[in-house]
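Here the structure is laid out as structure tokens; the discussion comes afterwards.
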Amino acid sequence: MELFQKPEPAKPRKAAPTLRPATAALNGGLIPNPVTGAIQPDISMSVNNVFAPGSAGFSAEGADLADLPFLYARWTNPTTRALEARLAALEGAEDALTTATGVAAIAATFLGLLKSGDHLIVSEVCYAGAFELATRILPDLGIQVTPVNLSDLEATRAALRPNTRLIHAESPCNPILRLTDLAALAALAHEAGALVSVDSTLATPVITRPLDLGVDLVIHSLTKFMNGHGDALGGAVIGRKELISALRARSGVYLGATLSANNAWLILRGLDTLYPRIRTASANAQRLAGWLEAHPKITRVIYPGLPSHPQHALAQAQMALPGGMIAFQTADPQAMSHQLADRLQIIHYAFSLGHQRSICVLIPTEDIQTSTFRMQGPALARYRDWAGNGLFRLSVGLEDPEDLIEDLARALG
Ligand SMILES: Cc1ncc(COP(=O)(O)O)c(C=O)c1O
């Protein structure tokens, strides 16, 4: 290999058109190392790379940093580029930008696309960190922000302004598992000249591919189902090259929240088993959701795979599988949270979701209203309609579902 030649494995490559998604999860963008023949991607820890003077061209107007030789690891890195190629293949996209966390991917999107005077519509229920960033930080920068129930398209249409630049959705949304009709939302937004970003962390591309439905940008906390092993933080924004290139140039470089090569490698390895993991988690969750719904201590179960989900028809149309997340309510949720934390032996009482092991946690309505959503009037009534006084968020893992049922049966009493 000639000195200064950019190593082949890092070249972003779209999946061949015939590659089915389950194959893309393994092979998207994968090129064996031309020097060693290694199939598994290498971890490239080098902060800088030698380059031929004059070849970098980083001052060229509008140059996509990802098309330049590797120069400095905050800009691009062979291992993170291999992950970005895999993610693009999985979502059917042209390119992806990885970040140190899921929140960094959301920040990269908001701060990369929005400027003072722009208007953002954000889902009135979404991941707390995204909601707090949108409603507390962005207004200080002169960005107007309106929380809206995005499952109500008329309410969304009514909230549009001439300066609406972006609508940020989450489907299913954390923690209430309400869905958004993504194709309808994208059509409505595009009519008004706005872009749509969707946090698809709870769905993964196995379940929904938002770009196929017309959405402009897909966001993931790779920390969750995508890596799936609870051992690496990471995030990604995925979409058209023109948008990702602009986000890379603005947020990727200047927010500085670059994904480490080590974590990129762990997430790549997690993606190898994405399809079987999501299929198993989804089948386990369907079994548990049905069992929970029949349990006398459970007052309500919200799960897209149950006919009792208020948007079950949309779930069937938009989701290839109902997913690994269940929300359920009990009487006196605070007391029950202590009981579950005490008695569960297999399921862990902890935050986070999408790991190989099952996790359960209470999201008390009063706490999340005080800390995050601060809803009033009809919005608060809508939230309580889904969450009551508190919602247990159960992220179903890959254990034998009968063990999980026995664990819950013991713990619920
Ligand atoms: C839907 C969703 N988006 C984003 C995030 C943030 O991800 P991270 O913790 O990787 O920053 C989370 C975390 O729980 C989440 O559930």
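No experiment lies behind these values; they were computed from the predicted model shown. Atoms within each ligand, like the ligands themselves, are counted from 1 in listed order.
Looking from atom 1 (C) of ligand 1 to the surrounding protein, the closest heavy atom is D199 OD2, 3.5 Å. Looking only at heavy atoms of the protein, atom 6 (C) of ligand 1 is closest to Y127 CE2, 3.4 Å. Among all protein heavy atoms, the one lying closest to atom 7 (O) of ligand 1 is S221 OG, 3.0 Å. Protein heavy atom in closest approach to atom 10 (O) of ligand 1: T223 OG1, 2.6 Å.
In terms of N/O distances under 3.5 Å, ligand 1 is approached by N174. Not a single N or O atom of L202, backbone or side chain, sits closer than 3.5 Å to an N or O atom of ligand 1.
In summary, R178 and D385 do not engage in a salt bridge, as defined by a charged side-chain N under 4.0 Å from a carboxylate O. D332 and K297 are not joined by a salt bridge, as no carboxylate oxygen comes within less than 4.0 angstrom of a charged side-chain nitrogen.
Here the options are N163, D118, T164, the test is side chain to side chain donor-acceptor pair (under 3.5 Å), and the partner is Q144; only N163 passes.
For ligand 1, the atoms closer than 4.0 angstrom to any heavy atom of V103 are 6 (C), 7 (O), 8 (P), 11 (O). Listed by number with element, the atoms of ligand 1 under 4.0 Å from a non-hydrogen atom of E170 are 1 (C). Listed by number with element, the atoms of ligand 1 under 4.0 Å from a non-hydrogen atom of G102 are 7 (O), 8 (P), 10 (O), 11 (O).
The local environment of CZ in R343 is crowded, with over 12 non-hydrogen atoms from other residues, nucleotides or ligands closer than 6.0 Å.
Across every non-hydrogen atom of P175 and R393, the tightest pair is CB-CD, 4.3 Å. When every heavy atom of M319 is checked against every heavy atom of P172, the shortest pair comes out as CE-CG, 3.8 Å.
Residue contacts with ligand 1 include K224, since one of its heavy atoms falls under 4.0 Å from the ligand.
Ring centroid separation for the pair F328 and H295 does not come in under the 6.0 Å cut-off.
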